[in-house]
Protein chains: 2
Amino acid sequence: MNIIISNNSSIPIYEQLENAIKEAIFSNELKEEDMLPSVRNLANDLKISFLTVKKAYDELEQEGFIKTVQGKGSFVAPKNLELIKEEKLKEIQDYIEKIYDISKISNIPKEEIKELFKIIFEEEI
Amino acid sequence: MNIIISNNSSIPIYEQLENAIKEAIFSNELKEEDMLPSVRNLANDLKISFLTVKKAYDELEQEGFIKTVQGKGSFVAPKNLELIKEEKLKEIQDYIEKIYDISKISNIPKEEIKELFKIIFEEEI
DNA sequence: TCTACTGTTATGTTTATAATATAACAGTAG
DNA sequence: CTACTGTTATATTATAAACATAACAGTAGA
């Protein structure tokens with residue numbers, strides 16, 4: 001797995017890690033039942049604390065992406081396409097909210113945004 | 001000026017304040033050369049520290065939205081809002097492109113995105 | 001069973017950021 | 001001079017993120 005962590009990003013390390021693992025799952029680089037690196041191994045590789053890795057794993061489990069068994073390890077959960085789609089929709093929602101905030105602060109009318117939206121989405125041909 | 005500050009938002013108070021003032025400037029509620037409330041007055045009104053207000057004003061000045069003169073006060077800067085608006089539109093365009101990429105990869109129909117867009121933008125009441 | 005892996009939990013520390021309070025200082029204008 | 005402006009310095013509190021260390025607990029193979 002190709003994980004790059006920036007320790008001076010405004011995004012917390014555990015969150016960067018979560019996202020990287022999610023990406024690996026989405027792209028099928030990590031397949032169902034694949035074992036994830038142990039918290040200590042991954043922590044060593046990334047030169048971070050195992051507690052930070054654990055925090056990322058805990059959240060991934062909470063969200064249903066992995067399953068963890070004490071003494072055995074953490075494994076990619078059986079894929080739930082709906083879950084993945086929900087995730088992506090959430091991402092999209094976040095972007096739309098950012099757009100909304102900008103438009104509100106900058107007093108940009110909704111119509112102009114609709115126009116942009118149309119232009120970009122109609123380039124599909 | 002109608003400023004509402006939430007002290008249990010994840011957005012820092014000084015940032016909420018910045019956004020509220022930017023909004024007022026963009027909507028022309030605050031016009032060129034208008035004087036902003038003094039740091040102490042606004043702090044009193046909002047029941048926050050004047051240092052928090054000052055931080056917001058400092059950043060607004062850094063970004064060119066206001067001008068501050070010691071002993072006199074803070075004033076809305078001469079507008080070059082068109083430029084700023086162009087930049088904001090570019091930001092929005094980037095976000096829409098990201099949304100487009102996600103929707104394409106994840107096979108999410110345009111209609112669902114339109115729906116989200118509607119929901120978020122119609123929360124204005 | 002022993003051992004070497006897994007994950008878990010507890011405690012304490014460091015660092016950074018946000019926000020606060022208080023006090024003193026400095027410029028402006030009536 | 002006075003009453004407003006903003007500015008600066010210092011200290012404190014709260015919180016989140018990340019870390020270090022140590023001890024505990026489950027799993028599986030030799």
Side-chain angles (χ1 to χ4, degrees), chain A residues 1 3-22 25 30 32-77 101, chain B residues 1 3-22 25 30-77:
Chain A
M1 208 168 13
I3 296 175
I4 296 164
I5 297 298
S6 164
N7 53 353
N8 56 352
S9 161
S10 68
I11 301 167
I13 293 174
Y14 72 90
E15 214 175 307
Q16 294 180 47
L17 189 48
E18 263 185 81
N19 289 337
I21 293 171
K22 277 183 198 171
I25 293 175
L30 281 175
E32 280 185 38
E33 306 303 337
D34 274 2
M35 184 174 171
L36 295 165
S38 78
V39 286
R40 285 189 181 80
N41 275 350
L42 187 51
N44 281 338
D45 288 355
L46 299 178
K47 317 281 185 219
I48 60 178
S49 164
F50 79 85
L51 291 171
T52 307
V53 177
K54 179 163 166 45
K55 180 159 190 182
Y57 281 17
D58 282 349
E59 296 212 351
L60 286 167
E61 176 153 35
Q62 191 99 27
E63 296 173 59
F65 288 97
I66 68 175
K67 284 285 171 195
T68 293
V69 183
Q70 186 175 354
K72 295 183 79 175
S74 295
F75 305 86
V76 177
D101 289 342
Chain B
M1 204 167 15
I3 295 175
I4 295 165
I5 297 298
S6 163
N7 52 354
N8 56 354
S9 161
S10 67
I11 301 166
I13 294 174
Y14 72 91
E15 212 174 309
Q16 295 180 46
L17 189 49
E18 263 185 81
N19 288 338
I21 293 171
K22 278 185 197 170
I25 292 175
L30 282 175
K31 297 171 190 61
E32 279 185 39
E33 307 301 340
D34 274 1
M35 185 174 171
L36 295 165
S38 79
V39 286
R40 283 188 182 81
N41 274 350
L42 187 51
N44 281 339
D45 288 354
L46 299 177
K47 316 281 185 220
I48 59 179
S49 164
F50 79 86
L51 292 170
T52 307
V53 177
K54 179 163 167 44
K55 178 157 191 183
Y57 281 18
D58 283 348
E59 296 212 350
L60 286 168
E61 176 152 35
Q62 192 100 26
E63 295 174 59
F65 287 96
I66 67 175
K67 283 286 170 194
T68 292
V69 183
Q70 187 176 353
K72 293 183 80 176
S74 295
F75 306 86
V76 177

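Letters A, B, ... mirror the listed sequences (proteins, then strands); counts begin at 1.
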At their closest point, which heavy atom of B/A56 faces which heavy atom of B/Y14, and how far apart are they?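 Scanning both residues completely, I find the closest heavy atoms to be CB-O, 3.4 Å.
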
For the pair made of CG in B/N44 and P in C/dA19, what is the distance, rounded to whole Å?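 Computing the B/N44:CG to C/dA19:P distance gives 17 Å.
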
Decide yes or no, distance alone: a donor-acceptor N/O pair under 3.5 angstrom between the base of C/dT8 and the side-chain of A/R40.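 Yes, a donor-acceptor pair under 3.5 Å.
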
Check whether B/E32 reaches the backbone of B/V76 with its side chain - one donor and one acceptor, N or O, closer than 3.5 Å.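 Not confirmed, B/E32 side chain does not pair with B/V76 backbone.
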
Closer than 4.0 Å, any side-chain N/O of A/T52 to the OP1 or OP2 of D/dC19?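 So the side chain of A/T52 is within the cut-off, an N or O lying under 4.0 Å from OP1 or OP2 of D/dC19.
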
Contact nearer the 5' end of DNA chain D, comparing A/K47 with B/D58: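 Nearest nucleotide further toward 5': that of B/D58.
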
Show the nearest heavy-atom pair for residues B/K22 and B/L60, with the distance to one decimal.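 That closest heavy-atom pairing would be CG-CD2, 3.8 Å.
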
Using only side-chain N and O atoms of A/T68, determine if any of them is under 4.0 Å from OP1 or OP2 of C/dG7.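 So the side chain of A/T68 is outside the cut-off, no N or O lying under 4.0 Å from OP1 or OP2 of C/dG7.
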
At 4.0 Å (heavy atoms only), tell me whether B/I13 reaches a base, stays on the sugar-phosphate, or touches nothing.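 Sugar-phosphate only.
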
Using a 4.0 Å heavy-atom cut-off across all strands, classify B/K54 as base, sugar-phosphate, or nothing.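 Result for B/K54 = base.
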
From the set D/dA17, C/dA26, C/dT20, return the single nucleotide nearest to any side-chain atom of B/I48.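 Per side-chain heavy atoms of B/I48, the pick is C/dT20.
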
Protein-nucleotide distance (B/K72, atom NZ; C/dA29, atom P), rounded to Å: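 Computing the B/K72:NZ to C/dA29:P distance gives 5 Å.
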
Presence of A/N7 side-chain N/O under 4.0 Å of D/dC19 phosphate oxygens OP1/OP2: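 Result: no.
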
Can you identify which nucleotide, out of C/dA18, D/dG6, C/dA10, has its nearest atom closest to the B/V39 side chain?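 It is D/dG6.
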
Check every strand shown and say whether B/Y14 touches a base, only sugar-phosphate, or nothing at a heavy-atom separation below 4.0 Å.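 Sugar-phosphate, no base atom in range.
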
DNA chain D: B/Y57 or A/E15, which has the more 5' nearest nucleotide?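 Going by which nucleotide is closer to the 5' end, it is B/Y57.
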
Let's test this: given Watson-Crick or G-U wobble pairing with both distances under 3.5 Å, identify the partner of C/dG30.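 Pair assignment: C/dG30 / D/dC1.
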
